[in-house]
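Quick note: numbers below take in every heavy atom, side chains included, and nothing from hydrogens, waters or symmetry partners. Letters go in sequence order (proteins before strands), and every chain restarts at 1.
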Number of protein chains: 2
Amino acid sequence: MPVNSFDNYPMSWKPDKKSLNSPLYLSIASLLEYDILNGYLKPNTKLPPQRELADYLDINLSTITRAFKICEMKNLIYAVTGSGTFVAPNAGKAIFIVDSETNKNFIEMSVVKPLDFFNVFVAEAIKSIAEKNYLEKLLDYGQPLGIPYHRMAAKQWLQRFNMDVNVENISITSGVQNSFTLILISLFQPGDKIAVDSYTYPNFIELANMLNIQLVPIGGDVLGMLPDQLDFVCRKTNLQGIYLNPSCNNPTAVTMDINRRKDIAEVIKRHRLILMEDDTYSFLVPQDYLPVSHYVPEQFVYMHGISKSISSGMRVGFIAFANEFTDKITRGIFNINVKTSALNAEVITELINTGVADKIISQKKEVAKERNLIYQKFFKVDNPNENPLSFFRWLPLAHKYHPQQFEQEVFAQGIRVYHSYRFFVRQEEPTQFIRISLTSALNSEELNRGLSILKSFLLNKNEESNI
Amino acid sequence: MPVNSFDNYPMSWKPDKKSLNSPLYLSIASLLEYDILNGYLKPNTKLPPQRELADYLDINLSTITRAFKICEMKNLIYAVTGSGTFVAPNAGKAIFIVDSETNKNFIEMSVVKPLDFFNVFVAEAIKSIAEKNYLEKLLDYGQPLGIPYHRMAAKQWLQRFNMDVNVENISITSGVQNSFTLILISLFQPGDKIAVDSYTYPNFIELANMLNIQLVPIGGDVLGMLPDQLDFVCRKTNLQGIYLNPSCNNPTAVTMDINRRKDIAEVIKRHRLILMEDDTYSFLVPQDYLPVSHYVPEQFVYMHGISKSISSGMRVGFIAFANEFTDKITRGIFNINVKTSALNAEVITELINTGVADKIISQKKEVAKERNLIYQKFFKVDNPNENPLSFFRWLPLAHKYHPQQFEQEVFAQGIRVYHSYRFFVRQEEPTQFIRISLTSALNSEELNRGLSILKSFLLNKNEESNI
DNA sequence: CAATTTGTCGCTCAACATTTC
DNA sequence: AGAAATGTTGAGCGACAAATT
């Protein structure tokens, strides 16, 4: 191809040669960033091949590669060998999930709230602790992993979910999100790669982005992540870890059965991945399920939040981990948080030891069951592996929409749900979904009303097929 | 120099040519790492020039540069153009400060404890909160930056220290260390460079290391960091931020006067640095001091811990920040912690609003004054800019010691202090110091005893000069 | 203060791996 | 199944900048 014919050749992106200055690769990267963030390059646009851009700008191919790598680290683009480079579907958009709570005159089905009306019990626990005479002792530094009494309660609690480890392998953290931060910083490096489900919890995605840790989506089926696909990716890419959500995957609501857990564990072992198992929803699963961590005793970090099961406001979580990680995690806790407030851990310990925690859970399960029945009055649940007590539901859409616009149109009807774009890791989505929280509405009646509005909205959009 | 004469030439490090495999640069980096971590290369050893190593291994110079860069990122070595590359003084050593608390049969003067015996007041505050009827309302998600009532209390509290900002520019965090994490992750990138005092708080150093943020030490004088030196470094290196501890620098105990604060602020403005001002010790400074943040209203993050002033166990801190950073910080808080427990913030708010916090502080200042007088019975304080109420003291040593060995020898006498190696950022220390905590001993008598033991120990070492 | 030593950095080259057709 | 398209990666080159002598 003659060098001067580029004007006639349709290139999706033509950086202005004149505005390039030294260093070239940074200059190119920032031009690209600018054009993406300012909307001149739309999500999913295919960029010209690196060779073509290099020819056009009359520089070396690898200079383009470097420029692209910078933008890829910022999650603005993603590159696939053989196919090309594409603008990321979520380039520059915030996907994180945060409770807005500004004069709620709409029905909340986006954020998953943990049925906070059981907080009366927590308030009682606080009162009973306030009367204890050892209160002062809870108020000093020391014991970054938690005081033994609290860690013992954690041990007993985790045993309920078949996670049986020594007290030395347990730490109190300031909630699951804080556990994510702790583990990503302590056990991983910027540039490391972690395998995740194609649909993953947005706040994990955003945190990984902030820390420059790359997430590699692995395909799944009705039971969740496919071991073969994981193995396949591990063979060609150097992965350091894997993040799993096996009890009730957020957002798909899928529960991994025992066989799939074993199979995945095999692959994790084979490739020496660090397993980050997020088992916040273990309380919604029958008692005979063993965590994936159980099968990889030398390379797991099991993260258990009590925000969903017991109380969200206390900001307490537990982690259990393989011996190997003890030093790094201890150091990490100290450098990130110093420690978690023992007062808060004491409240949770009290709830566990007095059996109130169990009571809260069984009541939450009742409500969850009821709300799922309401959901099924409106929408079908096809996959038998979806957790019947899930706090949220994952509904496929028959058509393609503009994600944010879709959320806004729904909102205009007085309800809020999340579109799947928030959960998707790289690449374009083949099918679109919405995640519907069942536990955020104030009561069954409100949920009923919300789902009914949603259903009419979808029917208006000719979305019969999945309903 | 003939290529074959290397055997006779004294090279401080000769990697085994045979154990090199592809990729070369990684292979070299891991050989170097191995030799440093296993003690074959001692701290401060000068490595052979990169060109010489390249010649010796018969590979390209830049391949060595790359290998060295990897080790430099891990803080195993540091390179100075013109002088050479050296093994880092703290290569592979943990310097972080953690309260060990295992059967204390020694006098604690290493960790700085915050005079925890005033926790009775905090316990009372908890009791009074437990009786409030709005307790449940504190237990949900939402309001990641803190509920307005708490942020208002924070605003009033910060005003005492002349930090006057709107409520919108304030957030509750889970303590100062957590604020560091938040800000380093939210406003900086791996590879960014931050200016710090040559002697800096070890847990800040370690956290920066974990996040691959480079710290650049700036020289100082009796008033702390020198503006000219900061300016000088900014001109040649691309710095993104600066970390300061102006009220009572940890470990030097120096208080920056107003003029120095203004001068430093000028340089910060000129080079558009992000200021991280750690003002945990502002309660030990006279009321007319303005924070450095005051002079750079568009680029500051002011971090205020209450662990030292009010209560360490509650894990609550406040940050105030320039408008510009609001979005990034909000997103960061949500992705790192979700939020800080409102229960804990409520306790601190209660202490502030009832005036108990002020009472705690004035009592702590009394004790600090008394303990500093005890110190001066044993050791001189030469620099008038050292804070007379400091919780710790910084004592120069006349001779050079092996740092860890020194700490152990002192420990053998039944006391614990920290050697300056823990605080030093890169390069070898010209003079060695020890940091002596005055507030960790249980009472004046114990402190007296500890200092007396320390003094005899030092006199035995012929350390008269500074005593 | 000029020459020398020493580390830094951006760009190029070429072999390679993966995907598509 | 083989050829073409496309992204990846390690190493080399050379100009440069800073510190030392």
Scan B:Tyr25 against the nucleic acid and name what it touches under 4.0 Å (heavy atoms): base, sugar-phosphate only, or nothing.
sugar-phosphate
Using only atom types and a distance under 3.5 Å, with no angle test, would you say the side chain of A:Ser12 pairs donor to acceptor with the backbone of A:Lys46?
yes
Over how many whole Å does the gap from A:Met73 atom CE to D:dG7 atom P extend?
19 Å
Let's see if you can work this out: which of C:dT6, D:dC13, C:dG10 has an atom nearest to the side-chain heavy atoms of B:Asn60?
D:dC13
Quick one: do B:Arg260 and B:Asp221 make a salt bridge, cutoff under 4.0 Å?
yes
Rounded to whole Å, the CG-C1' distance (B:Leu57 to D:dA11) equals 14 Å
What is the separation between atom CG on A:Leu53 and atom P on C:dC11, rounded to the nearest whole Å?
15 Å
Answer with yes or no whether the side chains of B:Thr252 and B:Asn249 bring together a donor and an acceptor at under 3.5 Å.
yes
Ignoring hydrogens and angles, state whether a donor on the side chain of A:Gln214 or A:Asp192 is under 3.5 Å from an acceptor on the partner side chain.
no
How close or far is atom P of C:dT6 from atom CE of B:Met11, stated in whole angstroms?
13 Å
Per the end-axis method with five pairs at each terminus, what is the bend angle of the helix from C:dA2-D:dT21 to C:dC21-D:dG2, to 10°?
0°
Can you confirm if the NZ or CZ of A:Lys17 lies within 45° of the ring axis of A:Tyr56 and under 6.0 Å from the centre of its six-membered ring?
yes
Which of the following nucleotides, C:dT12, D:dT8, D:dT6, is nearest to the side chain of A:Lys46?
D:dT6
Close side-chain approach of A:Asn75 to A:Asn90, heavy-atom, < 4.5 Å
no
Gap between atoms NZ and C1', on B:Lys69 and C:dG7 respectively (whole Å)
8 Å
Does A:Gln50 put a side-chain nitrogen or oxygen below 4.0 Å from OP1 or OP2 of D:dT8?
yes
Once you round it to whole Å, what is the distance between C1' of D:dT8 and CZ of A:Phe68?
14 Å
Is there a donor-acceptor contact under 3.5 Å linking the side chains of A:Thr65 and A:Gln50?
yes
Got a list of protein N/O to nucleotides 16-21 of chain D N/O distances below 3.5 Å?
unit_1, atom_1, unit_2, atom_2, d
D:dA19, OP1, B:Lys236, NZ, 3.0
D:dA19, O4', B:Thr81, O, 3.0
D:dA19, O3', B:Ser83, OG, 3.2
D:dT20, OP1, B:Ser83, OG, 3.4

Can a donor-acceptor pair under 3.5 Å be found between the side-chain atoms of B:Ser62 and the base atoms of C:dC9?
no
Using a strict threshold of under 4.0 Å (side-chain N to carboxylate O), is an ion pair present between B:Arg51 and B:Asp55?
no
Could you tell me whether the phosphate oxygens of C:dT12, OP1 or OP2, come under 4.0 Å of any side-chain nitrogen or oxygen in A:Thr63?
yes
Given atom CD of B:Gln214 and atom P of C:dT8, what is their separation to the nearest angstrom?
11 Å
If you take the centroid of each ring, where Trp contributes its six-membered ring, are A:Tyr199 and A:Phe433 closer together than 6.0 Å?
yes
Would you check if the distance from the ring center of A:Tyr243 to the ring center of A:Phe180 is below 6.0 Å?
yes
Answer with base, sugar-phosphate or nothing: what part of the nucleic acid does B:Leu24 contact at a heavy-atom distance below 4.0 Å?
sugar-phosphate
Nearest heavy atom decides the nucleotide; on that basis, is A:Arg66 or B:Ala79 closer to the 5' end of DNA chain C?
B:Ala79
Please report the distance, rounded to the nearest Å, between CD1 in B:Ile64 and P in C:dC9.
17 Å
